[in-house]
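Report on one structure; see the data block that follows.
Only heavy atoms go into these numbers, but all of them, side chains included; no hydrogens, no water, no symmetry mates. Here the structure is a predicted model, which means the values were calculated and not measured.
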Amino acid sequence: MPKVTFLPHQTLCPEGLTVEAAPHSTILDVALENDIHIEHACEKSCACTTCHVIVRKGFQSLEEAEDTEEDMLDKAWGLEPDSRLSCQAWVEDEDLVVEIPKYTLNQVSEHG
């Protein structure tokens, strides 16, 4: 099984974490299953940018982003060439190293 390493994030994952991921899970689902609560204001429908992540290793193993995701990514804070929406990036066979950006552009917070 491939591994996903989440780099340390000040509030969501201060120590960082490496976990096994079932193939064909999204990066977001892997994070949520391991108590890393990445925001996802649109409930995983590719309609916002709150689940934006940067794939530091293994980016090439991901399927190409579809046009809808690319359009949403243009609005993400801290966009980089290896940015993806974690709700749309499916883990395949390769290990990934993922950075969760410090900020998100969320107009509404689910965690009041």
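For the atom pair OG1 of Thr11 and NE2 of His37, the computed distance is 11.0 Å after rounding to the nearest 0.5 Å. If you take OG1 on Thr50 and CD on Glu43, they are separated by 9.0 Å, rounding to the nearest 0.5 Å.
Contacts of Glu70 classified as salt bridge (charged side-chain N to carboxylate O under 4.0 Å, His left out), with partners at least two apart in sequence or in another chain: none. Glu92 is linked by a side-chain contact (heavy atoms from CB on, under 4.5 Å) to His24, Glu63, Trp90, counting only residues two or more places apart in sequence or in another chain. Qualifying side-chain contact (heavy atoms from CB on, under 4.5 Å) partners for Glu80, counting only residues two or more places apart in sequence or in other chains: Ile54, Arg56, Ser83. Residues meeting the side chain to side chain donor-acceptor pair (under 3.5 Å) test with Ser25, sequence neighbours left out: none. Legend: residues meeting side chain to side chain donor-acceptor pair (under 3.5 Å) with Thr5, ordered by chain and number and at least two apart, are Thr18. Applying the side chain to side chain donor-acceptor pair (under 3.5 Å) criterion to Glu20, with sequence neighbours excluded, gives no partner residue. In this structure, the side-chain contact (heavy atoms from CB on, under 4.5 Å) partners of Glu69, at least two apart in sequence or on a different chain, are Cys46, Ala65, Leu73, Arg84, Leu85, Gln88.
Among residues at least two apart or in separate chains, there is no salt bridge (charged side-chain N to carboxylate O under 4.0 Å, His left out) pair with a member in residues 5-16.
Residues Cys87 and Cys51 meet the side-chain proximity criterion, which asks for heavy atoms closer than 4.5 Å.
Nearest heavy-atom pair, Ala41 versus Cys48, reported as atom, atom and distance to 0.1 Å: N-SG, 3.9 Å.
Between the side chain of Thr49 and the backbone N or O of His52, no donor-acceptor pair lies under 3.5 Å. Between the side chain of His9 and the backbone N or O of Gly16 there is no donor-acceptor pair closer than 3.5 Å.
Checked by atom type, the side-chain pair Asp71/Thr68 shows no donor-acceptor distance below 3.5 Å.
Grouping Ile, Leu, Val, Met, Phe, Trp and Tyr residues whose side-chain heavy atoms lie under 4.5 Å apart, directly or via other members, places Val4 in a hydrophobic cluster with Phe6, Leu12, Leu17, Val19, Ile27, Leu28, Val30, Leu32, Ile36, Ile38, Val53, Val55, Phe59, Leu62, Val91, Leu96, Val98, Ile100.
Residue Asp67 places its CG atom among 12 or fewer non-hydrogen atoms of other residues, nucleotides or ligands, all under 6.0 Å distant.
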